[in-house]
2 protein chains.
Amino acid sequence: MNGGMSVGDTAALAGVTVRTLHHYDRIGLLSPSGRTAAGYRQYAPADLERLHQVLLYRELGFPLEEVATLLDDASADPAEHLRRQHRLLRDRLERTQAMVAAVEKEMEARAMGISLTPEERFEVFGDWLPEEYAAEAEEKWGGTDAWAQSQQRTRAMTKEDWLRVKAEGDDVERRFAGALAAGVAPASEQAMDLAEEHRQQISRNFYDCSPEMHAGLGRMYVEDERFTAYYERIAPGLAQYVSTAVQANAARQG
Amino acid sequence: MNGGMSVGDTAALAGVTVRTLHHYDRIGLLSPSGRTAAGYRQYAPADLERLHQVLLYRELGFPLEEVATLLDDASADPAEHLRRQHRLLRDRLERTQAMVAAVEKEMEARAMGISLTPEERFEVFGDWLPEEYAAEAEEKWGGTDAWAQSQQRTRAMTKEDWLRVKAEGDDVERRFAGALAAGVAPASEQAMDLAEEHRQQISRNFYDCSPEMHAGLGRMYVEDERFTAYYERIAPGLAQYVSTAVQANAARQG
DNA sequence: GCTTGACCCTGACGCGACGTCAGGCTGTTG
DNA sequence: CAACAGCCTGACGTCGCGTCAGGGTCAAGC
């Protein structure tokens with residue numbers, strides 16, 4: 001008795017199926033260190049520890065065979081595994097953040113009627129080799145009206161909703177422009193209140209936009225020329241103005 | 001001419017293989033909107049846009065069939081897809097952050113010679129149902145020495161390295177205790193310098209530890225009783241002291 | 001003591017999402 | 001006009017399991 005956990009308990013604990021543990025046993029990735037007289041698998045603490053490592057590496061995308069060589073490499077102590085896992089997880093974190101940022105950028109672009117290039121859209125999917133295909137694609141159907149057309153179709157949202165959302169956005173933009181014209185400082189309470197309204201509008205109509213995320217958008221308004229152009233067409237200096245107000249507002253929230 | 005991109009160009013642009021595009025065509029997930037007289041696939045802008053959606057949903061773990069139903073659902077406009085993708089990506093971000101934190105906790109625990117329970121280790125792998133298995137496992141081999149044993153073996157790092165690292169850690173801890181005894185305020189420059197040394201020690205020996213991450217560790221020292229106990233055994237009040245110093249140090253860096 | 005029902009075992013086949021040839025057509029370039 | 005890169009359609013292989021099928025095990029309750 002007390003020779004370890006059954007395969008079912010182990011599976012439940014680790015959040016995998018019994019079949020998965022059978023599989024890992026068969027391919028020699030994780031064989032329980034004991035069996036009962038009747039042939040029941042018995043998982044000891046050390047087995048669970050190994051299972052944990054296996055699941056981590058699996059989650060990180062390693063094929064099981066490679067996981068086995070990693071874990072069986074006697075020259076790699078546990079601390080090294082932890083360091084590697086840590087590094088890989090932080091890479092993944094960055095990548096996910098980039099994807100979140102890309103989706104937010106796309107939303108913002110849609111709201112403004114700006115269309116992003118396909119290169120930009122795919123940028124976030126790793127291993128990117130720019131120049132080459134950028135030029136190629138641009139040449140093939142870069143400046144045509146195909147984009148404008150495919151743009152038109154994609155924008156649905158029930159026209160009514162869209163018009164309401166657009167009106168809301170225009171309203172805040174006009175009030176920003178008014179504040180700018182009246183000489184109200186972009187870091188003033190009044191401008192920050194407008195920024196806050198802008199943020200809550202995004203949250204209502206598009207996605208839950210935290211102050212930090214909003215600050216990121218603010219930066220983009222002056223860093224990406226197309227977003228800058230959008231605001232500059234409303235009023236000269238408005239891009240910088242909104243950007244500053246938004247970031248100031250984010251700062252006061254924290 | 002100019003009827004769209006070839007399958008090769010498209011694959012390169014999107015960072016997938018030609019075979020993948022063939023597959024998507026065959027299963028009807030993404031059929032290029034045109035073909036040349038010779039039967040060559042021609043991908044139009046709208047096709048690329050769809051491909052982008054497909055890859056995003058795929059990355060998020062959806063089976064291709066489900067991706068198809070999602071994208072073919074006429075009642076779901078593009079904005080809704082963006083919102084959903086945003087939500088899913090943020091979930092994933094949170095999950096990854098939790099895993100990073102778990103790995104850091106494990107490293108910290110190892111450095112202190114504390115062993116975490118298997119429940120804690122698996123906690124981070126979603127869909128967690130606590131109570132039940134917690135009790136079960138605890139009963140089966142909770143307090144035995146099995147853990148201690150499996151602990152011993154896992155700690156390799158070449159004994160020499162480990163001793164050096166341990167000595168370094170002990171040194172800083174002793175100096176923290178000394179500062180506490182001498183009545184040096186935990187938010188004082190002297191204590192913060194010690195905290196900074198602590199942080200750099202972690203960075204050298206374990207993983208790159210940013211000030212924010214370090215602040216997180218500091219919080220843990222008072223929130224998790226085992227980490228608290230570790231420090232309290234060195235000197236009463238030391239857990240809170242180190243925690244405060246570490247967080248103060250993190251604050252001054254930012 | 002015997003049955004019931006939950007849990008365990010080992011095959012063995014199936015499946016999703018492609019990878020990887022094979023055998024043959026296309027089309028641009030020197 | 002030959003060569004070579006690129007495209008086509010089968011068709012089989014692979015990885016990581018899911019899903020039966022057919023049969024043993026074991027604590028619980030009658």
Side-chain angles (χ1 to χ4, degrees), chain A residues 1-32 34-43 47 51 54-71 125 127 132-133 136-137 139-140, chain B residues 1-32 34-43 47 51 54-71 125 127 132-133 136-137 139-140:
Chain A
M1 57 213 63
N2 194 13
M5 292 174 74
S6 75
V7 62
D9 291 350
T10 306
L13 176 60
V16 301
T17 68
V18 169
R19 178 65 177 94
T20 299
L21 294 181
H22 282 176
H23 185 56
Y24 292 172
D25 190 358
R26 172 101 49 124
I27 67 175
L29 173 58
L30 171 61
S31 297
R35 293 266 188 158
T36 70
Y40 284 25
R41 289 173 179 75
Q42 293 187 141
Y43 290 85
D47 299 332
L51 177 55
V54 167
L55 294 183
L56 247 173
Y57 278 125
R58 183 188 71 166
E59 170 95 20
L60 285 167
F62 287 87
L64 297 187
E65 197 178 329
E66 203 164 336
V67 172
T69 70
L70 278 175
L71 294 182
F125 295 114
D127 309 330
E132 206 164 346
Y133 307 106
E136 201 171 328
E139 184 195 337
K140 288 220 171 176
Chain B
M1 57 212 60
N2 194 12
M5 292 172 75
S6 75
V7 62
D9 291 350
T10 305
L13 177 61
V16 300
T17 69
V18 170
R19 178 66 176 95
T20 300
L21 294 180
H22 283 176
H23 185 57
Y24 292 173
D25 190 359
R26 174 99 49 123
I27 66 174
L29 173 57
L30 171 61
S31 297
R35 292 266 187 156
T36 70
Y40 284 25
R41 290 173 179 77
Q42 294 187 141
Y43 290 85
D47 299 332
L51 176 56
V54 168
L55 294 183
L56 246 173
Y57 278 125
R58 183 188 71 166
E59 170 96 21
L60 286 167
F62 287 87
L64 297 186
E65 197 178 329
E66 204 165 334
V67 172
T69 69
L70 278 175
L71 294 181
F125 295 114
D127 310 329
E132 205 164 346
Y133 306 106
E136 202 171 325
E139 184 194 338
K140 287 219 173 177

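Chain letters run A, B, ... following the sequence lines, proteins first and then strands; every chain starts at 1. This one's a predicted model, so the numbers in the text were calculated from it and none came from an experiment.
Remark: the backbone N or O of B/V16 is not paired with any side-chain donor or acceptor of B/T20 at under 3.5 angstrom.
Across its full length, the helix from C/dG1-D/dC30 to C/dG30-D/dC1 shows an angle of 10° between the axes of its 5 terminal pairs at either end, rounded to 10 degrees.
Distance B/Q42 CD to D/dG6 P: 18 Å, rounded to the nearest Å. Rounding to whole angstrom units, CG of residue A/L21 and P of C/dC7 are separated by 15 Å. The separation between A/L29 atom CG and D/dC15 atom P is 14 Å, rounded to whole Å. Taking atom CZ of A/R19 as the reference point, atom C1' of C/dA12 lies 10 Å away to the nearest angstrom. Rounded to an integer number of Å, the gap from CG of B/L51 to P of C/dC18 is 11 Å.
Listed by chain and number, the residues in a ring-ring contact (aromatic ring centres under 6.0 Å, His included) with B/Y24 amount to none (sequence neighbours excluded). With sequence neighbours left out, the side-chain hydrogen bond (donor to acceptor under 3.5 Å, both in side chains) criterion links A/T36 to no other residue. Every residue two or more places apart in sequence or in another chain was checked for a side-chain contact (heavy atoms from CB on, under 4.5 Å) with B/E65, and none qualifies. Residues meeting the salt bridge (charged side-chain N to carboxylate O under 4.0 Å, His left out) test with B/R35, sequence neighbours left out: B/D25. Every residue two or more places apart in sequence or in another chain was checked for a ring-ring contact (aromatic ring centres under 6.0 Å, His included) with A/Y40, and none qualifies. By the side-chain contact (heavy atoms from CB on, under 4.5 Å) test, A/H22 pairs with A/V7, A/V18, A/R19, A/R41, sequence neighbours left out. Looking at residues two or more places apart in sequence or on another chain, you find no side-chain hydrogen bond (donor to acceptor under 3.5 Å, both in side chains) involving B/T69.
Heavy-atom minimum distance, A/A11 versus A/L21: N-CD1, 3.7 Å. Considering all non-hydrogen atoms of both residues, A/D47 and A/L30 come closest at O-CD1, 3.7 Å.
A/T36 comes within 4.0 angstrom of nothing in the nucleic acid, heavy atoms only.
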*Test B/H23 against B/L64 for side chain to side chain contact (heavy atoms under 4.5 Å, CB included), laying out the working first.*
CA-CA 11 Å; B/H23 185 57; B/L64 297 186; 4.1 Å; yes
Polar atoms only, N or O, under 3.5 Å: list the protein pairs with nucleotides 7-9 of chain D and their distances.
residue, atom, partner, partner atom, Å
D/dC7, OP1, B/S6, OG, 2.9
D/dC7, OP1, B/G8, N, 3.1
D/dC8, OP1, B/R41, N, 2.9
D/dC8, OP1, B/R41, NH1, 2.7
D/dC8, OP2, B/H22, NE2, 2.7
D/dC8, OP2, B/R41, NH1, 3.3
D/dC8, O5', B/R41, NH1, 3.3
D/dT9, OP1, B/R35, NH1, 3.2
D/dT9, OP1, B/R35, NH2, 3.4
D/dT9, OP2, B/R41, NH1, 3.1
D/dT9, OP2, B/R41, NH2, 2.8

Could you go over nucleotides 15-17 of chain C and give all protein N or O partners under 3.5 Å, atom names and distances?
residue, atom, partner, partner atom, Å
C/dA17, OP1, B/L64, N, 2.7

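Phosphate proximity of D/dG18 to A/T20: present, with a side-chain N or O under 4.0 Å from OP1 or OP2.
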